[in-house]
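Below you'll find the structure, written out as structure tokens, and then a few comments.
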Amino acid sequence: MKPVVLFDGVCNLCNGFVQTLIKIDPAGKFQFAALQSEFGQEVMTKAQLPVNEISTVILYDNGKIFTHSDVPLEICRQLGGVWSLFLVFKLVPRFLRNRLYNWVARNRYRWFGQRESCMIPTPELRQRFL
């Protein structure tokens, strides 16, 4: 199974992140699923995260679970190339990175809005979504 990015399906910021990742990952290294999906709920339970509180994007990769600010950094690592330059942010202590991440997560609906329902992928992208 390819690494799966689990995201808040109704969050405009999260959907924008997924759309951007699809564009910069034409090789299709990553698959996607909404945290609200059955698969998303299973992964959240494994990660011991409350299933009714969707406050982080999750990267699920071969049984490993990445959350919060570790997700974009791990995605950049796996994309390689110029994206590896962002790994310099690993020098910032995780608690500081996560503090900034959580501040944005708390305000994401107010700043970016939300949708009525989860994103429906186009037919050509459907195979990348679980």
Over 60° means perpendicular and under 30° means parallel, so tell me whether Tyr101 and His68 are parallel, tilted or perpendicular.
perpendicular
In chain order, what residues pass the salt bridge (Lys or Arg N to Asp or Glu O under 4.0 Å) check against Arg94, with sequence neighbours excluded?
Asp70
Identify whether Phe95 and Leu100 are in the same connected component of the hydrophobic contact network (ILVMFWY, side-chain heavy atoms under 4.5 Å).
no
Do the non-hydrogen side-chain atoms of Val4 and Phe30 ever get within less than 4.5 Å of each other?
no
Report yes if some heavy atom in the side chain of Phe86 is under 4.5 Å from a heavy atom in the side chain of Ile75; otherwise report no.
no
Cluster question for you: counting only ILVMFWY and a side-chain heavy-atom cut-off of under 4.5 Å, with indirect links fine, are Val71 and Leu87 together?
yes
Quick one: does Val5's side chain get under 4.5 Å of Phe66's, heavy atoms only?
no
Student check: side-chain heavy atoms of Phe89 and Leu73 closer than 4.5 Å
yes
When rounded to the nearest 0.5 Å, the distance separating CD of Gln78 from CG of Leu59 is 6.0 Å
Residue pair Ser55 / Ala105: nearest heavy atoms and the distance that separates them
O-CB, 3.5 Å
Can you see which heavy atom on Asn15 is nearest to which on Val10, and at what distance?
ND2-C, 4.1 Å
So, Lys29 side chain and Lys2 main chain: donor-acceptor pair closer than 3.5 Å or not?
no
A side-chain contact here means heavy atoms from C-beta on lying under 4.5 Å apart; do Leu21 and Phe32 qualify?
yes
Is there a side chain to side chain contact (heavy atoms under 4.5 Å, CB included) between Arg108 and Cys14? Walk through the geometry before answering.
CA-CA 9 Å; Arg108 71 189 186 278; Cys14 302; 4.2 Å; yes
Output yes when a side-chain donor or acceptor of Arg97 lies under 3.5 Å from a complementary backbone atom of Lys90, and no otherwise.
no
Is a side-chain donor or acceptor of Thr45 paired with a backbone partner of Gln41 at a separation under 3.5 angstrom?
yes
Is it true that Asp25 and Arg128 have a side-chain N and a carboxylate O under 4.0 angstrom from each other?
yes
Taking C-beta and beyond as the side chain, do Gln114 and Cys11 meet within less than 4.5 Å on heavy atoms?
no
Assess whether atom CD of Gln48 is packed by more than 12 heavy atoms of other residues, nucleotides or ligands within 6.0 Å.
no
Do Trp103 and Val92 belong together in a cluster built from hydrophobic side chains that touch within less than 4.5 Å?
no
Side-chain donor or acceptor of Asn12 paired with backbone N/O of Tyr109 under 3.5 Å
no
Any non-hydrogen side-chain atom of Leu35 less than 4.5 Å from a side-chain atom of Phe7?
no
Taking C-beta and beyond as the side chain, do Phe17 and Val57 meet within less than 4.5 Å on heavy atoms?
yes
Which heavy atom in Leu49 sits nearest to a heavy atom in Thr67, and how many Å separate them?
CD1-CG2, 4.1 Å
For the backbone of Leu130 and the side chain of Gln31, can you confirm whether one donor and one acceptor N or O come within less than 3.5 Å of each other?
no
At what distance, to the nearest 0.5 angstrom, does CZ of Phe129 lie from OG of Ser37?
11.0 Å
Is a side-chain donor-acceptor pair under 3.5 Å present for Asp8 with Gln36?
yes
Which heavy atom of Tyr60 sits nearest to which heavy atom of Leu6, and what is that distance?
CB-CD1, 4.0 Å
